[in-house]
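Throughout, a chain's letter reflects where its sequence line sits, starting with A, and its residues are numbered from 1. Since the structure is predicted, the reported quantities are computational estimates derived from the model, not experimental observations. Computed from heavy atoms alone, side chains included, the values below leave out hydrogens, waters and symmetry copies.
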Protein chains: 2
Amino acid sequence: MTNSEILSNYLKNHGVKPSIQRLKIYEILRNNVTHPTADEIFNHLVKEIPTLSLATVYNTMHLFEQKELVRIINIENHQARFDWNMKPHGHFQCNVCGTIYDIEIDTNQMNINELDEYQLEESHFYFKGLCKTCLNK
Amino acid sequence: MTNSEILSNYLKNHGVKPSIQRLKIYEILRNNVTHPTADEIFNHLVKEIPTLSLATVYNTMHLFEQKELVRIINIENHQARFDWNMKPHGHFQCNVCGTIYDIEIDTNQMNINELDEYQLEESHFYFKGLCKTCLNK
DNA sequence: CTACAAAATTAGAATAATTTTAATCTATGG
DNA sequence: CCATAGATTAAAATTATTCTAATTTTGTAG
């Protein structure tokens, strides 16, 4: 099975009909950039699918989110990013180069007692500062 | 000293000249709503200061952030909120009523080894789900 | 096949939050 | 007073996202 076929099946198994647009968008998420914005995905793909519309990217992202194929992350204000990694984890964004790194976080280890009062549905952790690469410059 | 005088001095001590706009905005943050949006602050204040401009609210917020008087929180996409509480803590937003609650979080207790690689400047934690009030309905 | 319905995609307009611009106002120090 | 820097303002511009309505594609029953 090719990589495309694998991802195509993966979409099907999550209740998403794998149109060419959806498949390519998911491929970008899985194979290229890690946490792209809608615009980045669009610009990347429009070369290949010239009739692609930004609305399709947004539609697809919301569909993916609903089917639990991606998580929407809000590190910067005014720009959503999409993350295919559904395992609980956090993010670190470098204030200089803007790169976003995944950070392993074990939510259970945190045991925040106060949260017992709530019915938890989502957890988001992110950090900002300077990454190694930018520190060494 | 009146409450206004205390807050006025507080601004001065943080390097912010306490104009009436800035003082009233900070008063709202401290005394009224907990995590207001720029628009909420504007609508609250424009009754009292009819010439107030939304740009002033944004300018003031960015000044406050720079002077470490507020933190900007990005729980929802497409709408920043302002938090005067500078102690490290997290947030919980109810998916039904939208209320944002403060959550005590001890960052040190988390010891995320991976973060050693970075020079940390900000930490953000937020959760979503259902609050007690909405659960009991 | 073919026709039809449903689903998906699209372009472009609309909306919402924020930033920018340029003008006006205010406070302060000489 | 006056000059100057800083603060505020209204309005226009920008950016990200959503909406709308039309068009295209897909799947299916005849």
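The separation between A/I20 atom CD1 and D/dT24 atom P is 19 Å, rounded to whole Å. Atom NZ in B/K24 sits about 14 Å away from atom P in D/dT9, given to the nearest Å. Rounded to whole angstrom, the span from the CD atom of A/Q79 across to the P atom of D/dT14 amounts to 17 Å. Atom CG of A/L52 is separated from atom P of C/dG12 by 14 Å (rounded to the nearest Å). Rounded to a whole Å, the CD atom of B/E65 is 12 Å from the P atom of C/dT18. We find that CG of B/N74 is positioned 14 Å from P of C/dA17, with the value rounded to whole Å. Taking atom CD1 of A/I49 as the reference point, atom P of C/dT10 lies 7 Å away to the nearest angstrom. Atom CG in B/L11 sits roughly 15 Å away from atom C1' in D/dA7 (whole-Å rounding).
At a threshold of 4.0 angstrom between heavy atoms, the contacts of B/N59 include nucleobase atoms, whether or not backbone atoms are also involved. A/T56 comes within 4.0 angstrom of a nucleotide base, judged by non-hydrogen atoms across all strands. Within the 4.0 angstrom heavy-atom criterion, only backbone atoms of the sugar-phosphate kind lie near A/S19; the bases stay farther away.
Listed nucleotides: C/dA17, D/dA11, C/dT18. Nearest to the side chain of B/A80: C/dT18. The side chain of A/A55 sits closest to C/dG12 out of D/dA16, D/dG27, C/dG12. Distances were taken from every side-chain heavy atom of B/A38 (C-beta onward) to each of C/dT18, D/dA7, D/dA16; the shortest belongs to C/dT18. For A/L54, the listed nucleotide lying nearest its side chain is D/dT17; candidates were C/dT10, D/dT17, D/dT8.
A ring-ring contact (aromatic ring centres under 6.0 Å, His included) with A/H124 is found for exactly one of B/Y126, B/F127, B/F125, namely B/Y126.
Note on A/I103: it does not cluster hydrophobically with A/I100, by side-chain heavy-atom contacts below 4.5 Å among ILVMFWY residues.
Residue B/Y58 places at least one side-chain N or O under 4.0 Å from the OP1 or OP2 atom of C/dT18. OP1 or OP2 of D/dT9 lies within a sub-4.0 Å distance of a side-chain N or O belonging to B/Q21. Checking the phosphate oxygens (OP1, OP2) of C/dT9, no side-chain nitrogen or oxygen of A/S53 falls inside 4.0 Å.
Between B/K87 and B/E104 no salt bridge is recorded (no basic side-chain N to carboxylate O distance below 4.0 Å). Ion pairing between a basic and an acidic side chain is recognised when a charged N comes within 4.0 Å of a carboxylate O; A/R71 and A/E122 show no such pairing.
B/D83 is listed as a side-chain neighbour of B/D102, based on a closest heavy-atom distance under 4.5 Å.
If you find the closest nucleotide of DNA chain D to B/H78 and to B/P50, the one lying nearer the 5' end belongs to B/P50.
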